Protein chains: 2
Amino acid sequence: MDTSAKLAKIRKQLHDGGYKLTPQRESTVLVLLENDKDHLSAEEIYMLVKQKSPEIGLATVYRTVEMLTELKVVDKISFNDGVARYDLRKEGAKHFHHHLLCLECGSIQEVEEDLLLEVEKTVESQFKFKVSDHRLTFHGVCKECQNKA
Amino acid sequence: MDTSAKLAKIRKQLHDGGYKLTPQRESTVLVLLENDKDHLSAEEIYMLVKQKSPEIGLATVYRTVEMLTELKVVDKISFNDGVARYDLRKEGAKHFHHHLLCLECGSIQEVEEDLLLEVEKTVESQFKFKVSDHRLTFHGVCKECQNKA
DNA sequence: TTACCTGCAAATTGTTTGCAGCCAC
DNA sequence: GTGGCTGCAAACAATTTGCAGGTAA
């Protein structure tokens, strides 16, 4: 699926939620689509949107990502560095993907395969806890940094 | 192991790291030991320490928990609510325990059993990523809230 | 004495809110 | 014209920092 198809889908999600896809919101969504391998903070999104639409305000970006989180277009995640980051949901993903955070270089790699199906079953039966989503981040050293050392 | 034995162990960890266990630090550690089932923020720790040692400053609490994190006495974790929380490492635990966050009542339950051994092996072999720790939180509905509904 | 540690207040940073104006329907 | 949306500035909240004074080895 290409960018414009993804954008059309998100436009529909907004409409279904009672929101309009204004130019500012469209610019913000496009930045997210173009940087879907990154994990941008609101401030970083703002900087990128500003390059194409210099008149946008930071508060609008915050309001937009909050709305996108509510609509489950993006997932909000924090890697313990004090800023919230926003990550596009993968196409058709039932659950949030996992992350590999390198403690050496700070890179964040994504793991789309859901490795927690068995673990979730265990949690549901052992704790009677109904799982709706998860956050899983591994801390360690990435392949590249291992080779450097 | 009782509280004073745990305290003695932590005192040693501080000394090994080149720090002293000052009265303020001791009060802070005691609050953490007495509330090891909670997930206290710096502000909450400060309030509890203040009850016994009213002269302590908030900045000292921040500096102490930062030091304890560095020494791996506690783990710092954020549940996407904008505050950092501090969780005592379990005795002998190689990895950080898991959490069940209830989206209805906000309760946080701990899962000490390490459910990720297999998953970590997969990550190590599939991505050549050397895992040193992890953060796993399930979002969902706890047993009690399911019964209420 | 010297280096570490503390409390306080000020500064910083990330995020939210109030509000007046604007725009699409 | 009404309601949603925006930018700006101010407010807020969590955390960090500068600094003068205190304290233990």
Side-chain angles (χ1 to χ4, degrees), chain A residues 10-11 13-31 38-71 73-87, chain B residues 10-11 13-32 39-71 73-87:
Chain A
I10 291 171
R11 174 182 286 113
Q13 286 178 270
L14 294 219
H15 286 167
D16 292 348
Y19 300 105
K20 299 175 210 165
L21 188 64
T22 64
Q24 289 89 337
R25 289 174 181 172
E26 180 170 321
S27 301
T28 304
V29 168
L30 281 174
V31 161
D38 289 330
H39 302 81
L40 302 174
S41 65
E43 195 87 28
E44 288 165 349
I45 296 167
Y46 172 62
M47 293 303 185
L48 289 169
V49 174
K50 230 173 163 20
Q51 293 175 10
K52 290 182 183 173
S53 316
E55 74 294 348
I56 200 169
L58 178 57
T60 301
V61 172
Y62 270 103
R63 285 186 278 235
T64 300
V65 291
E66 189 195 356
M67 177 199 68
L68 293 173
T69 304
E70 188 195 314
L71 294 172
V73 172
V74 299
D75 283 301
K76 185 178 181 179
I77 189 169
S78 152
F79 294 106
N80 284 0
D81 62 349
V83 285
R85 300 182 175 277
Y86 300 88
D87 213 351
Chain B
I10 291 171
R11 174 181 287 114
Q13 286 178 271
L14 294 220
H15 286 168
D16 291 350
Y19 299 104
K20 298 175 212 164
L21 188 64
T22 63
Q24 290 90 337
R25 289 174 180 170
E26 180 170 320
S27 300
T28 303
V29 167
L30 281 174
V31 161
L32 288 168
H39 303 79
L40 302 175
S41 65
E43 194 88 30
E44 288 165 349
I45 295 168
Y46 171 63
M47 293 304 186
L48 289 169
V49 174
K50 232 174 161 19
Q51 292 173 12
K52 290 181 181 174
S53 316
E55 74 294 348
I56 200 170
L58 178 56
T60 301
V61 172
Y62 271 103
R63 285 186 277 234
T64 300
V65 292
E66 189 195 356
M67 177 199 68
L68 293 173
T69 304
E70 187 195 314
L71 294 173
V73 172
V74 299
D75 284 303
K76 185 178 181 179
I77 189 169
S78 152
F79 293 106
N80 283 1
D81 62 348
V83 283
R85 299 181 176 277
Y86 299 88
D87 214 350

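Quick caveat, the model's predicted, so the values are computed rather than measured.
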Fill in the blank from the handout: Between CD of E55(A) and C1' of dC22(C) the distance, given in whole Å, is 13 Å
Completion exercise
Of L58(B) and K20(B), the one whose nearest nucleotide on DNA chain D sits closer to the 5' end is L58(B)
Problem - Approximate separation, where rounding is to 0.5 Å, of I10(B) CD1 and L68(B) CG - result: 7.0 Å
Practice task
Side chain of T22(A) only, please: which of dC5(D), dG7(C), dG14(C) is the nearest?
Solution key: dC5(D)
Practice task
Output yes when at least one side-chain N/O atom of Y62(B) is less than 4.0 Å from OP1 or OP2 of dT15(D), else no.
Solution key: yes
Problem - Side chain proximity check, T60(A) to T22(A), heavy atoms < 4.5 angstrom - result: no
Practice task
Looking at every strand, decide which applies to E43(B) at a 4.0 Å heavy-atom threshold: base, sugar-phosphate, or nothing.
Solution key: nothing
Exercise for the section: Look at the side chain of R25(A) and decide which nucleotide, out of dT15(D), dC5(D), dC19(C), has an atom nearest to it. Expected result: dC5(D)
Exercise for the section: Please figure out whether G18(B) or R85(A) has its closest DNA chain C nucleotide nearer the 5' end. Expected result: G18(B)
Exercise for the section: For S53(A) and S27(A), test the side chains for any donor-to-acceptor distance below 3.5 angstrom and give the result as yes or no. Expected result: yes
Problem - Atom pair distance, as rounded to whole Å: CE in M47(B) and P in dA14(D) - result: 10 Å
Handout entry: Ionic contact status for R11(B) with E26(B), cut-off 4.0 Å
Key = yes
Exercise for the section: Grab the CG-P distance between L21(B) and dA25(D) for me, whole Å please. Expected result: 13 Å
Problem - Y19(B) OH to dC5(C) P, straight-line distance once rounded to whole Å - result: 8 Å
Problem - Q24(B) vs dC5(C): side-chain N/O to OP1/OP2 distance below 4.0 Å - result: no
Practice task
To the nearest Å, give me how far apart CD1 (I56(A)) and C1' (dT6(D)) are.
Solution key: 9 Å
Fill in the blank from the handout: Here the gap from L58(B) atom CG to R63(B) atom CZ, rounded to the nearest 0.5 Å, amounts to 10.0 Å
Fill in the blank from the handout: note: Y46(B), atom OH; dT6(C), atom C1'; distance rounded to Å ~ 13 Å
Practice task
Please state how far atom CD in E26(A) lies from atom C1' in dT6(D), giving the value in whole angstrom units.
Solution key: 16 Å
Exercise for the section: Nearest whole angstrom, please: distance from the P of dA14(D) to the CZ of F79(B). Expected result: 17 Å
Fill in the blank from the handout: Of the listed dC5(C), dA14(D), dT17(C), the closest approach to the A59(A) side chain comes from dT17(C)
Problem - Any N/O donor-acceptor pair, R63(A) side-chain to dG7(D) base, under 3.5 Å - result: yes
